[in-house]
Amino acid sequence: MADRPFDRAFDFLHVNERPEKPREKGITEMRGPYYDPMGPRELRDILETMGWYVDIYKFSGGSFSLMPEDAVRELIDICHEFDVKVSTGGFIENVLIRDNDKVDRYVEECAEMGFDIVEISSGFLAIDADDMVAMTEMVSEVDGVEPKPEINVQFGAGGASDPEDLEEGQQDPDMAIREGERHLDAGADLLMVEAEGITEEVVEWRTDVAYRIANELGAENCVFEAPGPEMFEWYIKNFGPNVNLFVDNSQIVELECMRSGLWGKTTSWGRTTTYSGD
């Protein structure tokens with residue numbers, strides 16, 4: 001734990017302690033361009049005010065492939081200025097389907113552009129776990145980037161389908177856990193745990209799956225997608241304020257207020273705390 005590297009406003013008032021960057025727990029991954037554009041001025045505004053609480057900035061939906069190269073590089077440079085890593089998001093599955101012979105080139109270009117993390121996603125793919133693990137191994141051997149494999153319990157994870165459309169695609173959590181173990185052995189430090197099939201696009205939350213993944217793979221090795229305050233509140237209540245979470249950029253202030261014990265919902269307000277051991 002460490003003090004914040006700046007003079008916090010109202011620093012005489014209590015907030016929970018947070019690990020120092022680069023954090024190994026309490027990671028906040030923030031969604032970048034996806035639902036709407038995000039330019040350098042908006043990103044800088046976010047990071048100048050809340051940048052110490054953000055660890056990873058994630059492009060989504062391959063949005064970087066639509067933007068001017070200079071703009072992508074500028075966004076990456078701003079993130080690095082605030083010690084924020086930059087992730088590709090789950091675009092590699094699009095490359096696999098449309099440009100299968102260019103996967104290596106895609107990863108090399110990510111490294112050249114300054115990306116720090118290549119997410120290895122498979123929510124929409126019928127693909128062997130062996131092939132997914134092989135890509136983790138491949139990315140881990142490229143200088144400048146690290147692999148971040150996605151595990152999921154829902155075929156079609158990552159989309160905006162209705163729960164009824166996804167019911168038949170629910171998968172055995174044991175498969176996701178075993179694949180996650182293989183990715184960690186292959187060189188991954190973090191796994192992205194998709195919300196679909198757990199807390200999103202389901203008729204009832206499958207919290208038992210979240211517990212199993214955390215217990216068997218280690219919560220410290222997972223970044224749980226939590227696209228909504230009721231979801232990240234649940235994770236904080238059950239795994240503590242330093243659980244690793246992926247949220248939309250519009251939610252990072254509310255998330256950090258919950259982590260810091262400043263604010264909460266009816267069942268969590270005033271109950272979130274940490275222990276420094278000093």
Side-chain angles (χ1 to χ4, degrees), residues 19 21-34 38 43 46-47 51-65 67 69 72-96 103-123 132-152 157-158 179-180 182-195 217-227 243-249 252:
K21 282 187 175 185
R23 280 183 270 268
E24 295 182 356
K25 62 178 182 177
I27 291 169
T28 293
E29 183 167 352
M30 178 185 87
R31 180 182 282 112
Y34 186 45
M38 178 181 290
L43 177 59
I46 291 172
L47 296 183
W52 191 73
Y53 308 103
V54 178
D55 302 279
I56 302 171
Y57 177 80
K58 173 178 173 174
F59 284 86
S60 295
S63 53
F64 50 77
S65 65
M67 300 166 62
E69 181 177 323
V72 177
R73 290 183 184 274
E74 184 175 5
L75 292 173
I76 292 172
D77 288 344
I78 291 171
C79 287
H80 291 167
E81 182 182 335
F82 290 89
D83 296 321
V84 173
K85 292 183 176 181
V86 184
S87 170
T88 61
F91 191 59
I92 200 167
E93 57 191 294
N94 186 70
V95 181
L96 280 165
V103 173
D104 289 0
R105 179 178 174 184
Y106 164 71
V107 174
E108 291 169 359
E109 182 76 1
C110 290
E112 194 281 325
M113 289 281 291
F115 284 91
D116 306 284
I117 297 168
V118 175
E119 185 173 311
I120 301 170
S121 58
S122 61
M132 297 301 295
V133 173
M135 283 191 290
T136 293
E137 293 173 340
M138 180 268 290
V139 173
S140 67
E141 294 174 356
V142 176
D143 290 338
V145 290
E146 58 190 77
K148 186 159 175 283
E150 167 195 287
I151 60 172
N152 56 71
E179 183 177 336
R182 294 182 63 189
H183 283 300
L184 293 172
D185 290 341
D189 291 324
L190 289 173
L191 304 169
M192 171 62 73
V193 181
E194 284 286 337
L217 293 174
E220 71 279 6
N221 296 321
C222 299
V223 178
F224 295 95
E225 183 183 15
V243 61
N244 303 326
L245 294 169
F246 168 52
V247 299
D248 188 64
N249 59 73
I252 57 172

**Request:** State, with a plain yes or no, whether a side-chain heavy atom of I46 is found less than 4.5 Å away from one of M38.
**Result:** yes
**Request:** Indicate yes or no for a side-chain donor-acceptor contact from S60 to the backbone of Y34 under 3.5 Å, with no hydrogens or angles considered.
**Result:** no
**Prompt:** Heavy-atom distance under 4.5 Å between the side chains of E179 and L191, does that happen here?
**Reply:** no
**Request:** Starting at CD1 of I56, measure out to CE of M192 and round the result to the nearest 0.5 Å.
**Result:** 7.0 Å
**Message:** Keeping K85 on the side-chain end and P22 on the backbone end, is there a donor-acceptor pair under 3.5 Å?
**Reply:** no
**Prompt:** Would you call R73 and E112 a salt bridge, using N to O less than 4.0 angstrom?
**Reply:** yes
**Request:** Report yes if the side chains of F224 and V243 come closer than 4.5 Å at any heavy-atom pair, otherwise no.
**Result:** yes
**Message:** Check this for me, if you would: do R23 and D55 make a salt bridge, where the nitrogen-to-carboxylate-oxygen distance has to be below 4.0 angstrom?
**Reply:** yes
**Item:** Side chains of N152 and S122 in contact at under 4.5 Å (non-hydrogen atoms)
**Value:** yes
**Message:** Students often mix this up, so state it plainly: with edges at 30° and 60°, are the rings of F64 and F59 parallel, tilted or perpendicular?
**Reply:** perpendicular
**Asked** Looking at D116 and H80, what are the two nearest heavy atoms and their distance?
**Response** OD2-NE2, 2.7 Å
**Prompt:** Taking 4.0 angstrom as the limit, do K148 and E29 come out as a salt bridge?
**Reply:** yes
**Request:** Look up atom OG1 in T88 and atom CD1 in I120, then write down how far apart they are to the nearest 0.5 Å.
**Result:** 8.5 Å
**Asked** Rounded to the nearest 0.5 Å, how far does CG of L47 lie from CD of E81?
**Response** 8.5 Å
**Request:** Report the residue from E93, E194, E150 that forms a side-chain hydrogen bond (donor to acceptor under 3.5 Å, both in side chains) with S121.
**Result:** E93
**Message:** Let me confirm one number: the CE-CG distance from M138 to D104, rounded to the nearest 0.5 Å.
**Reply:** 4.5 Å
**Prompt:** Nearest heavy-atom pair of M135 and V103: which atoms, and what distance?
**Reply:** SD-CG1, 4.3 Å
**Item:** Of V139, T136, V142, the residue whose pairing with V118 passes side-chain contact (heavy atoms from CB on, under 4.5 Å)
**Value:** V139
**Asked** What's the shortest heavy-atom distance between R31 and N249, and which atoms?
**Response** O-ND2, 3.0 Å
**Asked** Where is the tightest heavy-atom contact between G90 and K58, given as atom of each residue plus distance?
**Response** N-CE, 4.4 Å
**Message:** Testing the basics here: between G187 and P147, what is the closest heavy-atom pair and its distance to 0.1 Å?
**Reply:** O-CG, 4.1 Å
**Message:** Test your reading of the model: is there a side-chain donor-acceptor pair from T28 to the backbone of V54, 3.5 Å cut-off?
**Reply:** no
**Asked** How many angstroms lie between CD in E220 and CG in L217, if you round to the nearest 0.5 Å?
**Response** 9.5 Å
**Asked** Do V72 and F115 come within less than 4.5 Å of each other through their side chains, counting heavy atoms only?
**Response** yes
**Fill in**
Tightest non-hydrogen contact, residues V223 and L190, listed as CG2-CD1, 4.1 Å
